[in-house]
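Just below is one structure, and these are the notes that go with it.
Residue numbers start from 1 in every chain, and the chains themselves are labelled A, B, ... in the order their sequence lines are given, proteins ahead of strands. FYI, side chains are in, hydrogens and waters are out, and symmetry mates aren't considered; it's all heavy atoms of this structure.
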There are 2 protein chains.
Amino acid sequence: MSSTHTHSKKSQSLTKNQRIVLDLLQNSGEPLKAYFILDSLKKEGLNSPLQVYRALDKLVELGKIHKIESINSFIICNNSNCAKNTAFTICERCGKVKEIKNRDLTGGVSDLVKDNQLEITRYNLEFYVLCKSCKIN
Amino acid sequence: MSSTHTHSKKSQSLTKNQRIVLDLLQNSGEPLKAYFILDSLKKEGLNSPLQVYRALDKLVELGKIHKIESINSFIICNNSNCAKNTAFTICERCGKVKEIKNRDLTGGVSDLVKDNQLEITRYNLEFYVLCKSCKIN
DNA sequence: TCACATATGTAATAATATAACACTTAGAGG
DNA sequence: CCTCTAAGTGTTATATTATTACATATGTGA
């Protein structure tokens, strides 16, 4: 255990701003909006939108969170190794969001895009649904 | 041809604002942003964002155009009967957008969402790709 | 120690979208 | 023809979401 020190803790070390934004999303488990995150973290020292957006950008890049485009919100990633791929169901009635498991998607996605001259680099899939409980009531 | 007059031409008649916005998107064939549409149609008498957004909302509702959420843009629908479902490929390099044909999706989509207690009401699928020509160059 | 990439803090501003309100128009139905 | 109503219009103001620009700080690797 002597010569592996070269690639350091880069991968596990988030900066302070990245860490507190990630923690908030982690604890919430729900999609949150950037300015809500800002408000929530005022007491932790976040003062400007840019501090939030920068942290969010980085966390998205690392695949730790996802952006749900159609509601301008960010949510913790529940899969491992999504990279930047996202797939969610969003209940049209109650707004509840659930991430679709990676393993449920593998294969199926590329089948959807029949043109094999294209190379899919990532995807963003948003399924609007009636969730179980909204369907009943 | 006497007693069918009750449900009139409602379905084909767009208002002036809806018409000029639709025409612009039709002629362009590319995704356009709301404020670009506004600028382009100043000479036709559009003065405020709201006039554009109202027309866009209606056209989306009618299924004549789609919103591409991740780029805040609107594009003419190339399918018939998409309803509000959207599926696009977007080239990460050149930005070119193509709508995926309905018939390529049928069936496949619901397979992706394994939880059959959910009822999919509509979907928004955005596949980021390298398009043919960007892949070569 | 120096250099470099990355992150920070802050102010200003851009880009996207909606609220509120008064008024108009088109079509349904008597 | 008249009136009611739903839908659309025009306008001003404002809310929400996101980025530019710039000066400073910090960590890591040579």
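- Between A:Asn17 and C:dG9 there is a side-chain N or O to OP1 or OP2 distance below 4.0 Å.
- Contact of the B:Leu59 side chain with the B:Val21 side chain is registered, since non-hydrogen atoms from C-beta on lie closer than 4.5 Å.
- Scored by the side-chain hydrogen bond (donor to acceptor under 3.5 Å, both in side chains) test, B:Glu69 finds no partners at all (sequence neighbours excluded).
- In this structure, A:Ile71 places its CD1 atom 15 Å from P of C:dA17, rounding to the nearest Å.
- Note: CG (A:Leu14) to C1' (C:dT8) measures 16 Å, nearest angstrom.
- The distance from atom CD of A:Glu69 to atom P of C:dA15 is 18 Å, rounded to the nearest whole Å.
- Among all heavy-atom pairs drawn from B:Ala34 and B:Leu56, the shortest one is CB-CD1, 4.0 Å.
- Dashed line: the shortest gap from a side-chain N or O of A:Thr15 to OP1 or OP2 of C:dT6 is not under 4.0 Å.
- Remark: A:Ser48, A:Leu50, A:Gln51, A:Arg54, A:Lys58 in residues 48-60 of chain A come within less than 4.0 Å of DNA chain C through at least one heavy atom.
- Under the salt bridge (charged side-chain N to carboxylate O under 4.0 Å, His left out) criterion, the residue pairs touching residues 25-54 of chain A are A:Asp39-A:Lys42, with sequence neighbours excluded.
- Rounding to whole angstrom units, NZ of residue A:Lys16 and P of C:dT8 are separated by 8 Å.
- Judged by distance alone, the side chains of A:Ser70 and A:Tyr128 do bring a donor and an acceptor atom under 3.5 Å apart.
- Atom CD in A:Glu61 sits roughly 13 Å away from atom C1' in C:dA5 (whole-Å rounding).
- A donor-acceptor pair is defined here as one N or O able to donate and one able to accept, closer than 3.5 Å; no such pair exists between the side chain of B:Asn79 and the backbone of B:Lys101.
- With centres under 5.5 Å and a plane angle under 30°, the ring of B:Tyr35 is stacked against the base of C:dT16.
- Atom CD in A:Glu44 sits about 14 Å away from atom P in C:dT8, given to the nearest Å.
- Judged purely by distance below 3.5 Å, without hydrogens or angles, the side chains of A:Asn124 and A:Thr86 pair a donor atom with an acceptor atom.
- We find that CG of B:Leu32 is positioned 16 Å from P of C:dA15, with the value rounded to whole Å.
- Remark: B:Glu119 engages no residue in a salt bridge (Lys or Arg N to Asp or Glu O under 4.0 Å) (not counting sequence neighbours).
- Distances from the side chain of B:Gln18 to the nucleotides C:dA17, C:dA7, D:dG8 place D:dG8 closest.
- With the end axes of the helix from C:dT1-D:dA30 to C:dG30-D:dC1 each set by five pairs, the angle from one to the other reads 40° at 10° resolution.
- Contacts classified as salt bridge (charged side-chain N to carboxylate O under 4.0 Å, His left out) and involving residues 82-99 of chain A (residues at least two apart or in different chains) are given here: A:Glu92-B:Arg122.
- Screening A:Leu14, A:Leu22, A:Asp57 for a side chain to side chain contact (heavy atoms under 4.5 Å, CB included) with A:Leu62, the sole residue that qualifies is A:Leu14.
- A sub-4.0 Å separation between OP1 or OP2 of C:dT10 and a side-chain N or O of A:Asn47 is present.
- Distances from the side chain of B:Lys33 to the nucleotides C:dT16, D:dT17, D:dG8 place C:dT16 closest.
- For the pair B:Phe36 CZ and C:dA17 P, the computed distance is 16 Å after rounding to whole Å.
- Phosphate proximity of D:dA18 to A:Asn72: present, with a side-chain N or O under 4.0 Å from OP1 or OP2.
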